[in-house]
Structure formats: structure tokens, C-alpha cells
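Fair warning: this is a prediction, and the values are worked out from it, not measured in the lab. Residue numbers start from 1 in every chain, and the chains themselves are labelled A, B, ... in the order their sequence lines are given, proteins ahead of strands.
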Number of protein chains: 2
Amino acid sequence: MPEQNNSHLHALKVSCSNCTLRELCLPVGLNRDELAQLDAVIRQSRRLKRGEYMFRSGEAFKSLFAIRTGFFKTCMSSQDGREQVTGFHMSGELLGMDGISANVHGCDAIALEDSEVCELPFTRMQSLSRDIPSLQHHFYRLMSREIVRDQSIMLLLGNMKADERLAAFLLNVSSRLATRGFAANDFILRMSREEIGSFLGLKLETVSRTLSKFQQQGWIKVDHKHIQLYQTDELKNLISGCIHAQSH
Amino acid sequence: MPEQNNSHLHALKVSCSNCTLRELCLPVGLNRDELAQLDAVIRQSRRLKRGEYMFRSGEAFKSLFAIRTGFFKTCMSSQDGREQVTGFHMSGELLGMDGISANVHGCDAIALEDSEVCELPFTRMQSLSRDIPSLQHHFYRLMSREIVRDQSIMLLLGNMKADERLAAFLLNVSSRLATRGFAANDFILRMSREEIGSFLGLKLETVSRTLSKFQQQGWIKVDHKHIQLYQTDELKNLISGCIHAQSH
DNA sequence: GGGGAAGCTTGACGCTTGTCAAAGCGGGGT
DNA sequence: ACCCCGCTTTGACAAGCGTCAAGCTTCCCC
């Protein structure tokens, strides 16, 4: 692992090497020169402790943020303090794209564990992407991917019953962890039952009960936030009838 | 209305003049030369009859489509034939952005009335947007807007009760029609109760019952697909507690 | 190490919405 | 113009999930 000195980009590349899907990360198919240009634009990475905000709804939009390590939730809040979780995000994912349209962040992004992110100033990325066609195309693809992801969640919320939603959620988390080189069938959830419920359009009691039901049937083992999947086929069966069963 | 000959772009501009929000359409802040370039890229517009497909899920993605006139639904289908409506779309809106990520269309787009669309070959638009920075930025904003729209629907599906969903839906349709210069409080719905229900995550009977309830309370008048809004304030009250009550 | 708050599980009950059914109305095509 | 089919409305009933409540565990901070 040579010449690591002072290259924020290198760190990004390292996080990329953790991903089977290179597309999660930025530097794809760039030559040495283009990499250097990109590296110059990426700001010093920033560390966040659990509970800290990466950005808040209503703040001026200036940058996108790439997660190098850690785990985040994005959520929107109403006046009376209730919140709705709109997504959970892992290393390699890009946050803040909803802020482009109105130049204002449309949601809060909160670290669920100690994390590290890279800041990508948007106007500079935009002009850089004019010089590097493959970068431009990559940005369009990332935004399109976010649209596809949101629509698959719309399907989940509009069509599925509680147990189907939980099964889809567990399989999604599992596959995303596997993509990053972690165990697919034995993991720690970083979020609370209430946050899962908020994301899935369910109450926390329903989440808890449904997990217990899966455990009783021998499909999974639940020890608080420690989840083990024993029979993923049964979980897949549950959602096989649903539209576009595979995860985003 | 001079020199209309052979300019597909002109037609787009005409459809734009119907919109209070110029941002819905493509040619914003372009000079004469840039307009000519853009015009050269836009393919001959295409007419569709009610029920025809603009594109289908699974087809190769080649172009985005701008609606000049008419009304569309987008939806996804499962193996067993059930469908989920993911959106309703009016003149000035751009469809197909979910196809960019995988080079395959992710949903069906079907005309709900006789319509006219412009085809925008994506790779050519992409290279053109490198020469015209404002066009590039506009595309990013359009995709971001789609992300925001999808997230507001996620909130609706995850948080709201049946009557709140219907109220939000009616107010949304109303404001989008007003934006295009149509009456805000007296309109014809182009979709069936079943399609509304599919979009809102409800069964058609619930849609029908809830509309009847609104009518009983004197808030609206329902005559099949002909809707009149009498007391929009009451509808707004219903969703005032919800997160981000305003429409997309 | 201990205390307290926050998170999780489980039960009982009720409401919202889905399901099944029947009847009325309207519109499009022959 | 008429007829048939599809859409809509309305009712009765059932089920799934939310609500309220109590007790328990765990984790964090002092």
C-alpha cells in the first residue's frame, strides 16, 4: 500500500476496495491525472461521533457527502418533534443529493456510530464532471440509483404487510453488509426498533413482535441488536410474491 | 407566433409557456445558439393514445421523455399481474430517469389520456450538457427534484392515515393543475379509484369511502371523476400536523 | 460498581382499513 | 340508440396493526 501521504482520495479508494461494487464509490475508470484533479476537490475528511449531525434539514446545500466508514440515518422531522426515517446508509454511499434541487438540505443526516465522511463541494464537482465525462455519467447514475432505491421503498410501504417489510429489511441489510465484505448472516443492527419501525412505516411494538415471530419459527435468532439469519430462504419466500423483491 | 416550422423545440417552449414554473421544462437560460443545439438533439415528438405505453419496464434505456401535453401514470408490475402505481405525471415533467442507473427502464409509463411527448436521447443530452453548463445543472436539479418527490411520497405512505393521504393527493393535483394554468378547485381526475388507491397504498373501496366522507362534510363535491374543492383549508388542516405537508 | 433512563418484549383491547358482496350508474362501441 | 361491461358506491364483517400498559433488560454515566 504505497504512497498514502496526504491523499484524501486514497482513503476513498481504500474504502472502495472494501466494496465488491465499485460503483458505490467515485473514482471509477479515471486515469492518474483525473484522479489528481478529483483529489484536489475533495475536502479533508471529517470524523463524526455517534449522534452527531452530518447536515440538517434547512441548512444551505453546498456539498455532497461520501461515507468512508460508519453508519448513518437520514430523517425528516415535523413541528411536533416526531421524525420519519427515510433511509439507513453505509460506507461508500453518497448523501445529500436531495439538496441539489432547492439548494437546501431536505433532511437530517445523523451518525448511528462513529463515522468518517468526505465532503464533495458540489459546484466544484459539477465543473470537474464537465471535464471528465465518465465522472459526469457516474453522477447521473448515482442519482438515478437513489431514485430507484426510493421507489423500491415506496413499493414496500404501499404493498407489503408487516412481516414482509421486516423480511425485506433484514435481507437488504444482509446483502449490503455482504457487499462490503462483512458476514451476511450474523450482524449487529445499529438502529433502534423505533427507527426501524419509522423507516418501515410500522410501530416499534410491531417490529419487536414480528422479529419474535421469525425467531419462534426458527428463521432467525434475535438477541437485542445482534441478529443471526438461519433460513434466508424462508424470508425470501415471504416476499417472493411482491414486486421487485430484491433489495436496492 | 413566428417561424414555427420544423422546430421541435418550439413546441417545448410552447408547452413551457403554459407553466408558471419554467423549471419544469428544459430550455432555461439558454441563448439562441444553445437552443439550436438542443433542438437538434430532441427527436420528433410522438403522439400516444390513451392506454399506450411510452416505455416498459425491462426495455433498454436510451432516452428520457418530456411530456408536452397529456397525462401519464408510471407503475411497476409483479409476476402475478398486480401493479403498483409509482406516480402520476403532467405536462412539463420528465420521465425515465430511473433507467439511467442500470440502462434499463425500471417501470412502465402509460398514457391516461391522448398525449404528446418529446424524446431526449440520453447520451446526446449528456454530451450536450457538458457544453452547456446551465443545462447540466438543470439536469442535476431535475433528478434531485425527483428524489425529493419520491421521499415526500415515502412520508405519505409511512406516516399518514387514509383521509390524510387523500387530502394530500387532492391538494397536490390541485396545485399542479394551477401551476399549469388550469382551475385549481374544479377538475377531472384522469385515473380510476383503483389507480389512486394503488398510488396511495389503499384499496379502491377506501378511496371511494373517504371521498364520500369529504363530500358529506361539505369539503368537496364528487361526481365520479369530476372533483370540486370547496374548503381547501379543511383539507390542509387534515395534513397540517404531518411532516412536509406541502406537495412536491 | 451502582443507579437511572432508555430501549425492548409481551399482553389485552380497539380502531382503521381490507375483504367480500351486491347493486347502481355511466360510457363506449357496435 | 341500445346494450354490455367496467367503474363506483355502499354495507357488513374480519383481520391486521396501533394503542395503552406493565415489567424487564441493558447500557451509559456518574
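Checking each of B:D108, B:T86, B:D98 against B:T74 for a side chain to side chain donor-acceptor pair (under 3.5 Å) leaves exactly one that passes, namely B:T86. Applying ring-ring contact (aromatic ring centres under 6.0 Å, His included) to B:F214 and the options B:F169, B:W219, B:Y230 leaves one that passes, B:W219.
Aromatic rings of B:F182 and B:F187 (six-membered ring for Trp) have centroids beyond the 6.0 Å cut-off, not under it. Separation of the B:F55 and B:F65 ring centroids falls under the 6.0 Å cut-off. Aromatic pair B:F88/B:F199: centroids less than 6.0 angstrom apart.
Side chains of B:L229 and B:S174 form a contact here, defined as non-hydrogen atoms less than 4.5 Å apart.
With hydrogens and angles left out, the side-chain atoms of B:R47 and B:S115 include no donor and acceptor closer than 3.5 Å.
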In B/S/- notation (B base, S sugar-phosphate only, - none; protein heavy atoms under 4.0 Å), nucleotides 7-19 of chain C written 5' to 3' is -SBBBB----SSB
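The salt bridge (Lys or Arg N to Asp or Glu O under 4.0 Å) pairs that include a residue from residues 209-233 of chain B are B:D163-B:K213, where partners are two or more places apart or lie in different chains.
Residue A:R50 is in sugar-phosphate contact alone, with no base atom involved, counting any heavy-atom pair closer than 4.0 Å across all strands shown.
Taking 4.0 Å as the cutoff to heavy atoms of chain A, we find the contact window on DNA chain D bounded by D:dC17 to D:dC28.
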